[in-house]
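Please read the structure below before turning to the comments.
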Amino acid sequence: ILSSVNTDAVGNAGNIIINSGSLNLNNGALLFANNSGQGNAGNINIDAENNVNLLNNSNISTPGTDGNGGNVEIVASSLIIDNSVIVLNGLGEGTGGNITINAIDNVSLSNNASIGVVGSPGGFIKINAKNLSLSSDSQLFAGAGVNSEASDIISGDIVINLSEDLISNGANNDSLTTITNANFGQGSSGNIEISARNIQFNNGATISSFTFSQGNIGNITLNATGDISFDGINGSRTSGISNAVEEGSTGNTGNINITAQNLNLTNGADISSRVSGTGDSGDINLDVADTITIDGFGFGQPVIVDCGEN
C-alpha cells in the first residue's frame with residue numbers, strides 16, 4: 001500500500017489509515033507513505049482490535065527527502081515484528097516522524113527487527129504495553145542522522161511504559177540487540193526512559209546513548225518496581241548501559257539514573273559513562289531499595305560501574 005510524491009514532484013504525501021480486526025504484513029509487504037520530492041511524507045495510522053503482525057522482511061515506513069518524515073501510530077492488542085521494520089527517516093534536512101505504539105498486551109521484536117526514527121532531528125518513540133521483548137539482533141533506535149547540521153536541535157526521546165516486564169536477549173553470537181538514542185550529525189540526542197515491573201538485559205543486550213559528532217547525549221533512566229538485571233556477554237558485546245562521547249567527538253554525556261528494588265550486574269555486565277573526545281561525563285545515580293549485586297566472571301575480569309574520562 002503506497003502513498004507517494006515522486007522525485008522532482010512538489011506536494012505532500014497522503015495518509016494511510018487502517019481500521020481492522022487484525023493486520024498481517026508478510027513476505028516483504030509494505031505500508032509506505034513517502035515523499036521523494038519537495039514536501040512532507042504522509043502519516044500511517046493503524047487501529048486493530050486484535051494483533052498487528054509484521055513478518056519476513058515487511059516494512060512500515062514514512063521517509064521524507066527534502067521535507068519531514070511522517071508519523072506512525074499503532075493501536076492493537078499485541079504487536080509482533082519478526083525480521084521486519086518500522087523506520088521513519090528524514091533523509092535530507094527534515095525531521096524524522098514520531099512512532100506511537102499502544103498495545104493492550106505485548107510488543108515483540110525478534111530476528112533483526114527494528115523500530116527506528118532518524119532525522120534532523122529524529123522524532124520520538126513511545127511504547128505503552130504490558131510486556132516488551134527484544135531478541136536476536138533487534139533494535140529500538142532514535143537520534144540525529146548524518147545530515148543533521150544544526151547544533152541546537154534535540155532529537156526525540158525513547159519512552160517505554162510497561163505494566164509488567166521488559167526482557168532483551170542478545171541470543172545470537174555477537175548480535176546487536178539494543179535500545180539506542182544516538183547522534184551521528186550535529187545536535188543533541190534525546191533521552192531514554194523505561195518504566196516497568198522488572199527489566200532484564202541478557203547475553204550482550206544493551207541500552208546506549210552516544211555521539212560520533214558534536215552535541216550532547218541524553219539521560220538514561222530506568223524505573224522498576226521490582227528488579228533490574230544485566231547479565232552476560234555475547235561475542236564481543238557486554239550486557240549493560242553505556243553513555244559515551246566517542247573519540248574525535250564533542251559533547252557532554254547525560255546521567256544514568258536507576259531506581260529498583262534490586263539491581264544485579266553479573267557475568268561481565270557493566271554500567272559506564274565515558275568521554276573519549278571532549279566534554280564532561282555525566283553522573284551514575286543508583287537508588288536501590290534492597291540489594292545491589294555485582295558479580296564478575298570469577299577468573300580475573302571485573303564487572304564495572306564506571307563514571308569517568310578515558
Side-chain angles (χ1 to χ4, degrees), residues 1 3 15-26 29-33 41-55 58-62 68-82 84-89 95-110 113-119 122-135 138-143 155-168 178-181 190-200 207 220-226:
I1 298 176
S3 174
N15 301 320
I16 298 174
I17 300 171
I18 297 174
N19 296 288
S20 66
S22 299
L23 175 64
N24 296 313
L25 303 178
N26 199 1
L30 297 176
L31 292 181
F32 209 53
N43 301 318
I44 297 176
N45 297 323
I46 300 169
D47 191 339
E49 183 177 351
N50 299 307
N51 291 354
V52 173
N53 301 314
L54 281 75
L55 309 173
S58 296
N59 189 331
I60 295 176
S61 186
T62 60
N68 298 325
N71 301 320
V72 168
E73 182 173 355
I74 298 174
V75 178
S77 177
S78 290
L79 172 63
I80 297 171
I81 307 175
D82 186 273
S84 300
V85 299
I86 301 174
V87 178
L88 317 185
N89 289 337
T95 64
N98 300 313
I99 298 176
T100 304
I101 297 169
N102 292 303
I104 297 172
D105 291 318
N106 304 321
V107 175
S108 172
L109 286 77
S110 58
S114 296
I115 297 176
V117 181
V118 176
F124 64 72
I125 298 173
K126 294 183 179 179
I127 298 176
N128 301 300
K130 180 182 289 184
N131 296 289
L132 171 63
S133 64
L134 295 88
S135 64
S138 295
Q139 304 174 29
L140 291 176
F141 63 89
S155 293
D157 298 336
I158 298 175
V159 179
I160 300 168
N161 291 303
L162 307 174
S163 59
E164 293 188 2
D165 301 336
L166 186 157
I167 299 176
S168 184
T178 186
I179 299 174
T180 298
N181 206 326
N191 303 310
I192 299 174
E193 302 175 5
I194 301 173
S195 297
R197 181 179 61 183
N198 298 301
I199 298 172
Q200 299 179 27
I207 307 174
I220 297 176
T221 301
L222 307 184
N223 292 304
T225 56

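This structure is a prediction, so every number in the text was calculated from the model and none was measured. The chain is numbered in sequence order, starting from 1.
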Testing the basics here: between [X] and [Y], what is the closest heavy-atom pair and its distance to 0.1 Å?
{"X": "N102", "Y": "E73", "result": "ND2-OE2, 4.4 Å"}
{"X": "A142", "Y": "G156", "result": "CB-O, 4.4 Å"}
{"X": "I179", "Y": "I192", "result": "O-CD1, 3.9 Å"}

Main-chain N/O of [Y] paired with [X] side-chain donor or acceptor, under 3.5 Å:
{"X": "S58", "Y": "N26", "result": "yes"}
{"X": "N191", "Y": "N181", "result": "no"}
{"X": "S138", "Y": "A113", "result": "yes"}
{"X": "S77", "Y": "N50", "result": "no"}
{"X": "N43", "Y": "N15", "result": "no"}
{"X": "N71", "Y": "N98", "result": "yes"}
{"X": "N131", "Y": "D165", "result": "yes"}

[Y] and [X], any side-chain heavy atoms less than 4.5 Å apart:
{"X": "T100", "Y": "F124", "value": "yes"}
{"X": "F141", "Y": "V118", "value": "yes"}
{"X": "I115", "Y": "I101", "value": "yes"}
{"X": "I194", "Y": "L132", "value": "no"}
{"X": "I127", "Y": "L79", "value": "no"}

Roughly how far, to the nearest 0.5 Å, is [atom2] of [Y] from [atom1] of [X]?
{"X": "S133", "Y": "I167", "atom1": "OG", "atom2": "CD1", "result": "7.5 Å"}
{"X": "S22", "Y": "E49", "atom1": "OG", "atom2": "CD", "result": "8.0 Å"}
{"X": "L54", "Y": "N59", "atom1": "CG", "atom2": "CG", "result": "8.0 Å"}
{"X": "K126", "Y": "I158", "atom1": "NZ", "atom2": "CD1", "result": "12.5 Å"}
{"X": "S110", "Y": "L134", "atom1": "OG", "atom2": "CG", "result": "9.5 Å"}
{"X": "N128", "Y": "I160", "atom1": "CG", "atom2": "CD1", "result": "10.0 Å"}

| message | Under the side chain to side chain contact (heavy atoms under 4.5 Å, CB included) test against L31, which residue among V72, I86, I60 passes? | response | I60
| query | Which of these passes side chain to side chain contact (heavy atoms under 4.5 Å, CB included) with T62: I16, V117, I44? | reply | I44
| query | Just checking, is any N or O donor in the side chain of S78 or N106 under 3.5 Å from an acceptor N or O on the other one? | reply | no
| message | Set out, in order, the CA-CA distance, both residues' side-chain angles and the distance that settles side-chain contact (heavy atoms from CB on, under 4.5 Å) for L140 and L109, then state yes or no. | response | CA-CA 9 Å; L140 291 176; L109 286 77; 4.2 Å; yes
| query | Passes side-chain contact (heavy atoms from CB on, under 4.5 Å), I74 versus L23? Steps please. | reply | CA-CA 11 Å; I74 298 174; L23 175 64; over 6 Å; no
| query | Would one find more than 12 heavy atoms of other residues, nucleotides or ligands at under 6.0 Å from atom CD1 of I18? | reply | yes
